[in-house]
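These numbers come from a predicted model, not from an experiment. Numbered from 1 within each chain, the chains take letters A, B, ... in sequence-line order.
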Amino acid sequence: MAPEADARVAADPAPPSAAPARTTPARGRRSHAAADAQGPEAFDAWFEARGWSPAPFQREAWAHYLAGRSGLLHAPTGSGKTLAVWGGPLLSALAQPPAPRAGVLRRLRVLWITPLKALAEDTARALRDPLADLGLDWQVGIRTGDASARDRKAAREGRFDALVTTPESLSLLLTYADTAPVLAGLEAVIVDEWHELMASKRGVLLELALARLRALAPRLRIWGLSATLGNLDEARRVLLPHAPDAPLVHGVAARETVIDTLIPPPGERFPWAGHLGLAQLPRVLERILGVRTSLLFTNTRSQAELWHQALAAVWPEAPETLALHHGSIDAALRHAVEDGLRAGALRCVVATSSLDLGVDFPTVDQVLQVGSPRGIARLLQRAGRAGHRPGAAGRIVCVPTNTLELLEFAAARHALTVGRIEARPPLRLSLDVLAQHLVTLALGGGFEAEAAYAEVRGTHAFAALGRRHWQAVLDFVVQGGAALSNYPDFARVVRTDDGRYAMSDRRQALRHRLSIGTIVSDGTLQVRYLKGGALGSVEEAFIARMTPGTRFAFAGRTLEFVRIRDMTAYVRRVEGGRVGAVRWMGAKMPLSSELGAELRRIVAGHDADAPEVAAARPILDLQARISALPDTDTLLVESLTARGEQQLFLYPFAGRHVHEGLGALFALRLARMQANTFSFAVSDYGLVVALARPMPVDDATLAVLLTPDGLLDDLHASLNMGELARRQFREIARVAGLLPPSLPGRTPPSLRALQASSGLIYDVLRQHDPGHVLLDQAEREVFEAQLEFRRLRATLERLHGAPRLLARPQSLTPLGFPLWAERIRGNLSNEDWRTRVERAAERLEARWSRG
DNA sequence: GACCTGCTGCGGGGTG
C-alpha cells in the first residue's frame with residue numbers, strides 16, 4: 001500500500017488559508033505542459049506541473065467514470081479523494097467538449113452534495129482549482145440555505161456547470177417544475193461524506209432525490225465518497241441500488257492511529273464512577289501546553305462548558321487563546337473560533353462532535369478525547385482531526401474519567417489493530433420522508449402514481465414498499481388520511497383530471513418549502529445579551545428554573561439571567577466565579593457493540609500488557625477476588641443482598657439502550673415468577689435490577705430471564721409503548737409536514753406548543769384512524785431507534801446461549817459500584833448523591849482492603 | 001469548595 005508520503009502525490013486541495021481561488025487562468029502558474037496539452041493529456045500535465053502524479057486509485061476511479069460507471073470511493077480525508085471523483089468529469093469534458101446548445105451558455109453537468117454547508121465554500125474552491133489550467137471555462141456555484149438570491153436563481157436556471165449543494169437544497173431544487181430540464185442534462189452527482197448521511201433520514205431524503213435525478217437523466221453517474229466503516233459494501237448498494245456491479249474503489253490506506261492514554265499515577269485516587277474527568281485537569285493542561293494547538297473533545301456540551309471553565313481558571317496564556325465550540329453556541333461565535341483555528345491563533349479549543357467533521361484545520365497538532373469514545377469509528381474520526389504530517393502516525397491523547405474507562409481505550413486500540421469498525425445501518429421505509437418527497441414531486445411539476453411508485457421502489461430505502469403502504473402515503477398527502485380529511489391544511493396534493501398528482505396552492509407551496517428536511521430541533525430559547533449579541537440556544541426547561549439574577553456558565557462565559565421575552569432569554573455578562581453550566585437533555589449515545597465486545601475481551605484478561613490494563617490491574621484483581629472476572633463469552637451475574645433488598649447485576653457490555661430494554665424485560669419476567677417491586681438502572685456496561693423482596697436466583701432463573709422467546713410481546717407488555725410512540729411521533733409529524741413550519745421572522749412555537757399540536761394529531765389519529773401508517777412508523781422507530789431492537793435481540797440470543805457465571809459477592813464490586821451509584825441518583829440532589837457515593841466508596845475501599 | 005453526562009446536521013421567495 002502506498003505510504004503516507006504519497007499524500008503529496010494526490011493531496012486534497014490546499015486549506016482555505018492558502019491562495020484564494022483563481023477565476024481566470026493564472027498565467028504564471030499555468031504550466032507550459034498544460035498550456036499546450038490537449039484532451040486528457042492536459043490533466044496529466046496539470047498534475048505534473050504541480051509535482052504530483054495520479055495515484056493508482058485515482059486512475060482507477062477515472063477509468064470507471066469514463067466508462068460511464070457509478071461507484072463508491074472509500075478514502076480517508078486528505079488522501080486525494082476530491083480529485084479522484086472530480087477528475088472523471090474533467091477528463092470527460094477534455095476528451096469530448098460538449099457541443100453548446102443553441103442559446104445556452106452553460107449547462108449543469110455536475111452536482112456535488114455535501115452534508116455540511118460549512119464545507120461548500122472549500123469544496124467549490126477545490127473544484128475550481130484545476131479548471132482554468134485545463135482551459136475549461138466552467139462556473140462552479142454554491143446553493144445552500146446561505147446562498148444569495150442571485151445564486152439561488154442561477155442554480156435553479158442551471159447557470160452553473162457544477163453546483164455544490166446539500167441534500168435539503170437539492171430537494172428544494174426538485175420543488176420547481178422548471179428545474180427538470182436543467183437536471184436532465186446532469187452528467188454526474190457526487191455525494192461527499194456518504195457515510196455521514198446513509199444511516200439517517202437525511203440519507204433517505206437523498207436516496208429519493210437521487211432516484212428522481214436518475215429518472216430525469218438515465219445516464220447519470222453517481223459517485224459516493226465514504227470514510228472507513230464496517231459496511232462499506234452495503235453503503236455502496238444503498239447509494240447505487242440501480243447498479244449492483246458498481247465498483248468500490250479503495251483509496252490509500254488510513255495511516256496508523258496511536259492511542260496514548262493519560263494514566264493517573266499509582267498513588268492517586270481515581271474516581272470509581274462519574275464521567276466528567278476533571279481529576280485529570282493537570283495532566284491535560286500539561287499536554288495542551290506541550291504543543292502549539294490542541295482540540296479537546298468531550299462527549300457532551302455541558303462537559304465542554306465545564307472543561308472550558310476549568311481550563312480557563314488555570315490558563316497561563318492569554319485568555320483569548322482558549323476557546324469553546326459546540327452545537328448550541330451561536331453560529332457567528334463558532335465561526336470566529338473556526339477562523340481562529342485556521343489562523344493558528346488558538347492554543348486550545350474544547351469541542352463536542354461539532355468539530356468532528358468539516359473543514360480540516362492544518363494548524364491542529366494534537367487531539368485529546370475526554371471520556372468514553374463510545375465507538376471505534378468515532379475515535380478514529382476524532383484522531384483524524386489533527387494535522388497530517390506525511391508519514392507520521394495519527395495520535396490521539398485519551399483521557400479516561402474513571403477507572404473502568406481506562407479499559408475502553410485499550411479495547412479501542414485492539415479494535416483498530418484488527419480493523420474492527422462499526423457499521424452504520426441504513427434506514428428503510430421511512431414513510432414520513434416519503435410523504436415529504438411526494439409533496440416535493442407534486443410541487444415540482446407533478447407525478448403519475450405508477451411511475452412514481454416504480455421510481456421510489458428503485459431506492460434502497462423503499463425497495464420493499466408494498467402497495468398498501470404506498471397507497472396510504474399517497475392518500476395522506478392528498479387529504480391527510482381518513483381522520484384528517486376535514487382539515488384543509490393537510491390536503492396538500494390534488495389529483496388532477498388526467499390522473500396526475502400536483503400541487504398549485506401558493507401558500508401550501510411556501511409552507512412545504514419551509515418544511516423541507518428531516519432534522520427536527522426545536523423547543524429551545526435563544527440566549528442574547530440585553531444589547532442584542534446572540535450567544536446561542538438553551539432548552540426551555542433549563543431556563544424555566546431560573547429567576548432573575550441566577551448565574552450560569554454558557555458559551556464559555558459567566559452569565560446572569562435577566563428575563564425571557566419572545567422565546568429569548570436575555571442575559572448580562574458577569575465576572576468569573578465557578579457556576580453551574582448549562583445542561584441539555586441530549587441524546588444518549590450508547591457504547592457500540594464492537595467496542596463492547598472488545599471491552600469484554602479486555603476484562604477477560606487479554607492485552608494485559610497494555611498500559612491502561614496494567615493501571616487498572618488492582619481493580620481487576622479486586623473484582624476477581626470478591627466476585628469474578630468473566631471470560632469474553634461468559635455472562636457475569638452478581639446477586640447481592642443488603643438490608644433486605646436484593647440486587648442483580650448483569651454485565652453484557654451491550655450499550656445503554658439495550659440495557660434499558662433488558663431492564664424492562666427482566667422486571668416483567670421476574671414479576672411473573674413472584675409478585676414483587678422492581679427498579680432498575682443501566683450503564684453502558686451493564687444493568688442492575690433491584691428486588692424489594694429477595695428471591696432465589698439460580699441458573700435456571702437466569703435462563704428464563706434471558707430467553708429470546710416472546711421478546712416482542714414481552715417488550716410490548718413491559719414498556720409504555722403508547723407514550724413512547726407519542727413522543728416519537730413529533731419528529732415524524734414534522735418530517736411528514738403535519739406541523740406548521742416556523743416562519744422566518746416570527747417567534748417559533750415553544751416546545752410545549754409543538755408537543756401539544758403533535759400530541760393532538762397523534763390522539764386524533766389514534767382515535768379515528770388507528771391504522772394510520774405514521775402511527776405504525778412511530779412505534780417502529782421506538783423499537784429501532786430508541787430500543788435498538790435488533791441489537792437487543794442479538795444480545796439476548798448471545799446471552800441465552802452463553803455460559804453464565806453467577807457470583808454472590810458480599811459487597812458491591814468494582815463493576816457494580818457505578819451501577820449502584822446510578823441507581824440511587826434518581827431521587828437525590830446532586831450534592832446528596834455525591835456525598836453518598838463518596839461515603840460508600842470510602843466504606844467499600846476500607847472493606848475491600850481488609851478482605 | 002467540590003461536585004456535576006447525555007451529539008450533530010438543514011431549511012423561503014418575490015419585490016423594490
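Remark: A:R143 is in phosphate contact with B:dG12, judged by side-chain N or O atoms under 4.0 Å from OP1 or OP2.
Atom C1' of nucleotide B:dG12 and atom CE of A:M503 are separated by 13 Å, given to the nearest angstrom. Distance, A:Q786 CD to B:dG6 C1': 14 Å, rounded to whole Å. At whole-Å resolution of the value, CG in A:D151 and P in B:dG12 are 13 Å apart. Atom CG in A:L205 sits roughly 11 Å away from atom C1' in B:dG11 (whole-Å rounding). To the nearest angstrom, C1' of B:dG11 lies 7 Å from CG of A:L172. In this structure, the CG atom of A:L443 is 13 Å from the P atom of B:dG12, given to the nearest Å. Atom NE2 in A:H512 sits about 12 Å away from atom P in B:dG12, given to the nearest Å. Rounded to whole angstrom, the span from the CD atom of A:E305 across to the P atom of B:dG6 amounts to 11 Å.
By the salt bridge (Lys or Arg N to Asp or Glu O under 4.0 Å) test, A:D356 is found to be paired with A:R382, residues two or more places apart in sequence or in another chain being considered. Scanning for salt bridge (Lys or Arg N to Asp or Glu O under 4.0 Å) contacts around A:R334 gives an empty result, with sequence neighbours left out. With sequence neighbours left out, A:R557 forms a side-chain contact (heavy atoms from CB on, under 4.5 Å) with A:L333, A:Y529, A:L535, A:A555, A:L559, A:R573. In this structure, the side chain to side chain donor-acceptor pair (under 3.5 Å) partners of A:T228, at least two apart in sequence or on a different chain, are A:H74. Residues that satisfy the side chain to side chain donor-acceptor pair (under 3.5 Å) test with A:Q436, not counting sequence neighbours, are absent from this structure. The side chain to side chain donor-acceptor pair (under 3.5 Å) check on A:S683 picks up nothing, with sequence neighbours excluded. Judged as a side chain to side chain donor-acceptor pair (under 3.5 Å), and not counting sequence neighbours, A:E539 has no contacts.
Within the 4.0 angstrom heavy-atom criterion, no nucleotide atom of any strand lies near A:R511. Backbone-only engagement by A:R152 is indicated by non-hydrogen atom pairs under 4.0 Å involving sugar-phosphate atoms exclusively.
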What N/O pairs connect the protein and nucleotides 8-10 of chain B at under 3.5 Å? Give each pair on its own line.
from   : atom 1 : to     : atom 2 : distance (Å)
B:dT8  : OP1    : A:G327 : N      : 2.8
B:dT8  : OP1    : A:T352 : OG1    : 2.4
B:dT8  : OP2    : A:R301 : NE     : 3.2
B:dG9  : OP1    : A:R334 : NH2    : 2.6
B:dC10 : OP1    : A:K117 : N      : 3.1
B:dC10 : O3'    : A:T166 : OG1    : 3.4
B:dC10 : N4     : A:S521 : OG     : 3.1

Check the interface with nucleotides 14-16 of chain B: list each N/O to N/O pair with the protein under 3.5 Å, or write none.
none

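Looking at A:E305 and A:R301, no side-chain N of the basic residue comes within less than 4.0 Å of a carboxylate O on the acidic one, giving no salt bridge.
No donor-acceptor contact under 3.5 angstrom links the side chains of A:S302 and A:W584, judged on distance only.
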